2 protein chains.
Amino acid sequence: MAVTPRPYHHGNLRLALLEQAERTLADGGELSLRELARQIGVSHAAPRRHFPDKQALLDALAEDGFERLGDALRDALGKAGDDFEARMLAFARAYAGFAVDHAALLELMFAGKHRPDAAESLRQAADRAFEASLALFVEGQATGDVVAGDPERIGMVAFGTVHGLAALANSQMLDRAALDDLLAAAVERLVLGLRPR
Amino acid sequence: MAVTPRPYHHGNLRLALLEQAERTLADGGELSLRELARQIGVSHAAPRRHFPDKQALLDALAEDGFERLGDALRDALGKAGDDFEARMLAFARAYAGFAVDHAALLELMFAGKHRPDAAESLRQAADRAFEASLALFVEGQATGDVVAGDPERIGMVAFGTVHGLAALANSQMLDRAALDDLLAAAVERLVLGLRPR
DNA sequence: ACCTGAACACCGTTCAAGT
DNA sequence: ACCTGAACACCGTTCAAGT
């Protein structure tokens with residue numbers, strides 16, 4: 001049972017750090033660079049080779065989060081059939097599901113502190129996630145379910161509504177059951193409000 | 001120009017801590033208990049007599065924030081006249097204005113981490129702020145501007161929509177001008193969606 | 001190129017002691 | 001009752017040095 005000495009080189013420390021960080025985040029723990037290094041088995045200064053500072057690691061986590069959020073949204077819409085309200089609801093549920101299941105990660109993604117000087121890749125990942133919802137309204141206008149107008153504006157209102165309800169749920173102002181109910185109510189009202197008249 | 005020695009007793013350390021904390025928050029700084037104590041001129045352990053730990057100070061700030069938010073909402077609605085859409089817009093602008101002007105404080109208020117075991121007074125302050133929006137929909141139902149149904153559900157949807165757009169603005173996904181424009185669009189759609197048919 | 005280990009300047013929290 | 005000062009166990013960041 002001798003402790004096998006760790007090799008000097010760690011296989012892929014960058015990836016190991018990101019994975020360990022996501023695990024810690026999912027477990028509701030605080031992110032400490034030193035603690036991550038400890039769990040992986042490298043010195044506390046080793047992460048510096050891969051992330052110049054803590055914010056760089058947080059940005060990488062956020063970027064990955066936006067990619068996964070975009071995937072989840074596209075996946076949900078891909079399975080949602082043709083009815084506009086059904087597609088809106090699928091979008092809302094997918095967004096809120098991600099938000100509730102990855103509350104700490106979502107907070108990082110929207111932290112905003114690291115936005116003025118954020119990496120271009122992070123900005124792009126966020127835009128790509130948002131585009132998944134944008135497409136929904138372009139479709140809706142084509143099928144006559146949605147009034148004319150800048151789809152980006154309309155999309156942002158819908159995105160904001162769902163984001164807001166998810167944020168309230170993550171703030172414990174709503175329980176999960178109430179969230180699902182309110183999402184349905186919000187979607188119903190949004191669909192009515194967006195219909196051409 | 002001799003430095004006048006500080007008296008042993010500080011007049012009202014609790015209040016001084018809260019005020020200094022709000023100032024720091026408004027300036028975009030990080031909150032450090034030790035730094036607050038330093039700025040006020042007491043030892044780093046002195047705050048402990050008034051706040052058992054850092055979270056207790058954060059909770060007190062959040063509670064004060066909810067009270068001021070409620071005041072701002074009630075004030076805006078008091079000045080808003082009778083038209084339902086105008087009142088909705090006044091509410092939305094007042095909420096978003098507070099959110100943008102006190103971004104760091106809002107984050108504290110909705111942190112949620114400190115909610116499961118939060119003080120009852122904090123919960124009540126949050127509820128009271130929310131009630132300011134609730135009243136709007138009870139009115140709307142009385143005047144026939146809003147469909148029947150649980151006003152708390154309807155209120156939460158509206159609250160969530162405005163909260164979400166403000167959160168996106170604070171995440172730098174929207175600039176201030178776009179926020180105001182989107183609030184108006186969201187309110188217009190909400191009002192249409194809520195109308196009895 | 002990648003990592004270590006010591007060092008620096010911070011934290012929040014605790015506690016015996018002072019007045 | 002209210003505050004101090006030293007102590008403890010942490011942080012993130014830096015840097016000379018090792019391989």
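Proteins come first, then strands; the chains are lettered A, B, ... in the order of their sequence lines, and each starts at number 1. These numbers come from the heavy atoms of this one structure, side chains and all, not from hydrogens, waters or symmetry mates. Just so it is clear, the model here is predicted, and its values are computed rather than measured.
A:H50 comes within 4.0 angstrom of sugar-phosphate atoms only, judged by non-hydrogen atoms across all strands, and of no base. Nucleic acid contact class of B:S32 (heavy atoms, under 4.0 Å, all strands): sugar-phosphate only.
The nearest whole Å value for the distance from the CG atom in B:N12 to the P atom in D:dC3 is 9 Å. Counting to the nearest Å, the C1' atom of C:dA9 and the CD atom of B:E35 are 13 Å from each other. Atoms NZ (B:K54) and P (C:dT14) sit 14 Å apart, rounded to a whole Å. Distance NE2 (B:H44) to P (C:dC15): 13 Å, rounded to an integer number of Å. Rounding to whole angstrom units, CG of residue A:D53 and P of D:dC15 are separated by 14 Å. Computed from coordinates, the A:R14 CZ to C:dC3 P distance equals 13 Å when rounded to whole Å. One can place CD of B:E30 at 11 Å from P of C:dG12, the figure rounded to the nearest angstrom. In this structure, the CD atom of A:Q39 is 10 Å from the P atom of D:dC11, given to the nearest Å.
With salt bridges taken as basic N to acidic carboxylate O contacts below 4.0 Å, one links B:R123 and B:E120. The residues B:R38 and B:E35 are annotated as salt-bridged, a charged nitrogen and a carboxylate oxygen being separated by less than 4.0 angstrom. A salt bridge links B:R176 with B:D101: the distance from a Lys NZ or Arg NE/NH1/NH2 to an Asp or Glu carboxylate oxygen falls below 4.0 Å. Salt bridge present: A:R68 and A:E22 bring a charged side-chain N and a carboxylate O closer than 4.0 Å.
Side-chain atoms of B:E139 do not come within 3.5 Å of backbone N or O of B:D82 as any donor-acceptor pair.
Nearest nucleotide to the side chain of A:A46, out of C:dT4, C:dT13, D:dC3: C:dT4. Set against D:dT13, C:dC11, C:dT4, the side chain of A:V42 has C:dT4 as its closest nucleotide. When each of D:dC3, D:dC11, C:dT13 is scored by its nearest atom to the side-chain atoms of A:R38, the top-ranked nucleotide is D:dC11. For A:R34, the listed nucleotide lying nearest its side chain is D:dG12; candidates were C:dT13, D:dC3, D:dG12.
A centroid separation of 6.0 Å or more is found between the aromatic rings of A:F98 and A:F66.
Using cut-offs of 30° and 60° on the angle between ring planes, the pair A:F159 and A:H163 is parallel.
Secondary structure note: stems in DNA chain C built from 3 or more consecutive Watson-Crick or G-U wobble pairs under 3.5 Å occupy C:4-8 with D:12-16, C:12-16 with D:4-8.
If you find the closest nucleotide of DNA chain D to A:R49 and to A:L33, the one lying nearer the 5' end belongs to A:L33. In this structure, B:S43 and A:A45 both approach DNA chain D, and ranking their closest nucleotides by distance from the 5' end singles out B:S43.
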